[in-house]
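Here is the structure we will look at.
Just follow the structure's listing: the first ligand is 1, and inside any ligand the first atom is 1.
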Amino acid sequence: MSRAILFRSSGDAQRWKDELGRHLPDLDFRVHPEIGDAAEIESAVVWKPPHGLLASLPNLKLIVSLGAGVDHLLDDPALPRQVPIMRLVDPHMVAAMSEYVLTQVLRLHRQDPTYLAQQRALVWREQRQRNASECRVGILGLGQFGADAAVKLAALGFDVAGWSRRAKAIPGIASFHGEDGFAPFLARSDIVVCLLPLTGETQNILDARSFALMPRGAAIINVGRGGHLAEDDLLAALESGQIGGAVLDVFREEPLPEAHPFWRHPRVIVTPHVAAATNPPTAAAIVADNIRRLREGRPLCHLVDPALQY
Ligand code: NDP
Ligand code: OXD
């Protein structure tokens, strides 16, 4: 018998219990705050747990992030750093993220915001349209999500490059890496998609300095984290015309406060952190596999490197 707890802010605990139970019928699954004896808990399956909760489980052996990102765990000052963290690597989420990125790149490329504004103003006017091959898309982060989106965008004919820590060899995708590769990567990108994890090194990566390196009128799509974007710098760059438009799915404060200028900005598209939602049926199989590995003393999968923070 192994014991797991679940903490999730939304009320879908029963769903997770059922899904995990399908794969691990003998799992003693407890939902926070009714966890009984904290010393019995071996695995914690969590999304944005309250700071200090994980530190209160003295025999914890595995922390499972119910999302691909782990910034919601690493920002806990009391996080028990010796306990391995598994993040979700789920092909279902990867496909969903690529759908979102392709949708938004195509919207920007085909000037959808302009045509919607024209429709509202009853204006019939054709805009000059480039081919996909003339549109340079740059993906910040060529990991699980970035690499898949890059390949699918290239298949549509876009001129695609990616930026990562280490150089990549993905057929059809230009690879830029490290600090030296950052400025040339931005300089060749008409649409920049942020698919980085939020770490000490990537905080505020979309700031005035970066915007100035992009071609005038470039657009950004932020699907990483709100902390990647310097919000006031974006508003200033939209005002000056250096940035032509932005699609934002993630924000420093979520839900985005009603008074926030992004909601009403004519060149900003807001979506409520929906690019790639966790899908319990597929995610549960992946989580259960790791809990099984833990029980059997086999190597764990999808572990976060604490030094890199992703
Ligand atoms: P991965 O860990 O698979 O990939 C991360 C990529 O970022 C890697 O290519 C890595 O480079 C690169 N990277 C990290 N740090 C740096 C750095 N300092 N300099 C250059 N490159 C860097 O992550 P995923 O693709 O699975 O997820 C990415 C993020 O997407 C998540 O962390 C989360 O924030 C966000 N997300 C958003 C969702 C949404 O609905 N909006 C849903 C799910 C996730 P290298 O390959 O060289 O290591
Ligand atoms: C995730 C997210 O990290 O939904 O999975 O943002």
Side-chain angles (χ1 to χ4, degrees), residues 8-10 12 45-49 64-75 85-101 103-104 138-152 160-170 173 175-186 192-206 210 220-229 247-252 254-256 269-280 282-283 286-287 301-310:
R8 213 179 137 82
S9 36
S10 59
D12 52 3
V45 181
V46 288
W47 179 251
K48 296 187 181 168
V64 178
S65 167
L66 279 179
V70 290
D71 47 300
H72 67 105
L73 298 171
L74 299 180
D75 67 1
I85 299 178
M86 168 206 170
R87 69 187 195 93
L88 273 189
V89 175
D90 181 347
H92 186 279
M93 283 174 86
V94 171
M97 179 61 83
S98 289
E99 276 178 23
Y100 182 95
V101 171
T103 300
Q104 304 303 348
I139 315 247
L140 288 166
L142 279 179
Q144 293 292 328
F145 293 128
D148 190 70
V151 168
K152 289 175 177 168
V160 185
W163 181 73
S164 46
R165 178 186 298 279
R166 297 157 285 208
K168 305 279 171 193
I170 307 176
I173 311 299
S175 166
F176 294 80
H177 70 281
E179 233 173 282
D180 291 349
F182 190 61
F185 163 83
L186 291 179
V192 171
V193 181
C194 179
L195 270 168
L196 290 164
L198 187 65
T199 68
E201 289 180 7
T202 66
Q203 288 268 2
N204 290 317
I205 196 160
L206 297 170
S210 299
I220 63 159
I221 298 176
N222 188 19
V223 259
R225 284 289 183 260
H228 287 129
L229 177 65
V247 178
L248 307 176
D249 184 55
V250 285
F251 302 89
R252 285 175 187 269
E254 294 182 1
L256 186 64
I269 294 170
V270 168
T271 56
H273 198 146
V274 290
T278 297
N279 179 52
T282 49
I286 297 163
V287 172
C301 297
H302 313 313
L303 292 183
V304 172
D305 180 336
L308 294 179
Q309 302 171 39
Y310 65 94

D305, CG atom: more than 12 neighbouring heavy atoms under 6.0 Å
yes
For the residue pair T278 and A283, what are the closest heavy atoms and their distance?
CG2-CB, 4.0 Å
With sequence neighbours excluded, residues passing side-chain contact (heavy atoms from CB on, under 4.5 Å) with V274
D249, T271, P272
Please tabulate, one line per pair, the protein N or O atoms found under 3.5 Å from any N or O atom of ligand 1, giving the distance to one decimal.
| unit_1 | atom_1 | unit_2 | atom_2 | d |
| --- | --- | --- | --- | --- |
| ligand 1 | 2 (O) | R87 | NH2 | 3.4 |
| ligand 1 | 3 (O) | R87 | NH2 | 2.9 |
| ligand 1 | 3 (O) | Q144 | N | 2.9 |
| ligand 1 | 9 (O) | L142 | N | 2.9 |
| ligand 1 | 9 (O) | G143 | N | 3.1 |
| ligand 1 | 11 (O) | R165 | N | 3.3 |
| ligand 1 | 18 (N) | E201 | OE1 | 2.9 |
| ligand 1 | 21 (N) | R165 | N | 2.9 |
| ligand 1 | 25 (O) | Q144 | N | 3.3 |
| ligand 1 | 25 (O) | F145 | N | 3.0 |
| ligand 1 | 26 (O) | R87 | NH1 | 2.8 |
| ligand 1 | 26 (O) | R87 | NH2 | 3.2 |
| ligand 1 | 34 (O) | G224 | O | 3.4 |
| ligand 1 | 34 (O) | R225 | NH1 | 3.4 |
| ligand 1 | 40 (O) | A275 | N | 3.4 |
| ligand 1 | 40 (O) | A276 | N | 3.0 |
| ligand 1 | 41 (N) | V223 | O | 3.1 |
| ligand 1 | 41 (N) | D249 | OD2 | 2.9 |
| ligand 1 | 46 (O) | K168 | NZ | 2.5 |
| ligand 1 | 47 (O) | R165 | N | 3.2 |
| ligand 1 | 47 (O) | R166 | N | 2.8 |
| ligand 1 | 47 (O) | R166 | NE | 3.2 |
| ligand 1 | 48 (O) | R166 | NH2 | 2.4 |
| ligand 1 | 48 (O) | Y310 | OH | 2.6 |

Test item: V193 and Q104 side chains (from C-beta on) under 4.5 Å apart, heavy atoms
no
Side chain R225, main chain Q203, donor-acceptor under 3.5 Å
no
Please determine whether side chain to side chain contact (heavy atoms under 4.5 Å, CB included) holds for the pair L73 and V304, giving the CA-CA distance in whole Å, both sets of side-chain angles, and the decisive distance to 0.1 Å.
CA-CA 11 Å; L73 298 171; V304 172; over 6 Å; no
Just so I know, are the side chains of F251 and H273 near enough to count as touching, which here means a heavy-atom distance under 4.5 Å?
no
Listed once per pair and sorted, the side chain to side chain donor-acceptor pair (under 3.5 Å) pairs that draw on residues 161-170, sequence neighbours left out:
R165-E201, R165-Y310
Would you please write out the protein residues whose heavy atoms approach any atom of ligand 2 to under 4.0 angstrom, listed by chain and number?
W47, G67, A68, G69, M93, R225, H273, A276
Option among L140, N204, L186 that satisfies the side-chain contact (heavy atoms from CB on, under 4.5 Å) test with S210
L186
